[in-house]
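Written below as structure tokens is the structure these notes are about.
Predicted model, so just to flag it, every value in this text is computed and none were measured.
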Amino acid sequence: DERKQITNDYEYLLELADKKRKEMKEKVEKLFDEPEFVDAGLEGEIGFVTEKITEGRFAEALKELSTVITRIRVDF
């Protein structure tokens with residue numbers, strides 16, 4: 001039945017996205033000290049805030065995070 005196949009495909013994609021999100025969070029947690037994750041309300045995306053770090057350290061971490069879309073820098 002085509003409807004059943006579509007439902008199964010959709011559920012599979014949701015599981016895959018959830019797995020990828022968990023993997024990305026784990027990677028971020030390994031690269032940064034106690035990152036704070038934020039929900040921007042965008043499906044399939046995660047956001048995080050790091051401690052104050054140097055540009056060089058961030059550039060090195062970014063090599064491990066090939067799916068970063070953009071970043072916002074704030075100086076406190």
Side-chain angles (χ1 to χ4, degrees):
D1 173 53
E2 189 175 328
R3 237 188 266 179
K4 185 176 182 180
Q5 182 61 43
I6 291 170
T7 300
N8 290 342
D9 289 348
Y10 180 73
E11 288 173 4
Y12 170 76
L13 290 174
L14 288 177
E15 289 174 17
L16 183 62
D18 189 49
K19 180 181 175 189
K20 286 294 196 181
R21 201 170 11 263
K22 286 179 184 176
E23 289 172 357
M24 181 59 72
K25 282 185 174 184
E26 289 172 2
K27 190 179 280 191
V28 168
E29 288 171 337
K30 288 179 184 176
L31 293 169
F32 301 102
D33 298 326
E34 299 183 31
E36 179 184 340
F37 292 97
V38 294
D39 180 6
L42 300 172
E43 185 67 33
E45 295 185 17
I46 62 168
F48 61 93
V49 179
T50 69
E51 74 279 9
K52 189 173 184 174
I53 59 175
T54 65
E55 286 288 328
R57 180 164 176 229
F58 186 79
E60 285 300 311
L62 196 57
K63 292 176 184 176
E64 301 288 324
L65 301 171
S66 61
T67 59
V68 170
I69 298 168
T70 190
R71 66 183 174 144
I72 299 172
R73 294 176 31 198
V74 179
D75 187 19
F76 292 99

Worksheet item: Tell me, do F48 and L31 make a side-chain contact under 4.5 Å, heavy atoms counted?
Response: no
Practice prompt. Could you tell me whether R57 and E60 have a side-chain N and a carboxylate O separated by less than 4.0 Å?
Written response: no
Item to complete: Rounded to the nearest 0.5 Å, what's the gap from OG1 on T50 to CD on E34? Could you check?
Response: 12.0 Å
Discussion item. The test is side-chain contact (heavy atoms from CB on, under 4.5 Å); show your working for K22 and K25 and say whether it passes.
Written reply: CA-CA 5 Å; K22 286 179 184 176; K25 282 185 174 184; 5.8 Å; no
Worksheet, complete the sentence: Interatomic distance, NZ@K20 vs NZ@K27, rounded to 0.5 Å, equals 8.5 Å
Practice prompt. Would you give the length of the straight line joining atom NZ of K19 to atom CG of L14, rounded to the nearest 0.5 angstrom?
Written response: 15.0 Å
Worksheet item: Does atom CD of E36 have more than 12 heavy-atom neighbours from other groups under 6.0 Å away?
Response: no
Worksheet item: Would you call R73 and F58 a side-chain contact if the rule is heavy atoms closer than 4.5 Å?
Response: no
Worksheet item: For the hydrophobic clusters of this structure (ILVMFWY residues joined by side-chain heavy atoms under 4.5 Å, transitively), does one cluster hold both F37 and L62?
Response: yes
Fill in: Atom pair OG1 (T67) and CE (M24), whose distance is rounded to the nearest 0.5 Å
3.0 Å
Worksheet item: Say you draw a straight line from CG of D18 to CG of L13; how long is it, rounded to the nearest 0.5 Å?
Response: 12.5 Å
Worksheet item: Going hydrophobic residue to hydrophobic residue with side-chain gaps under 4.5 angstrom, can you get from I53 over to V68?
Response: yes
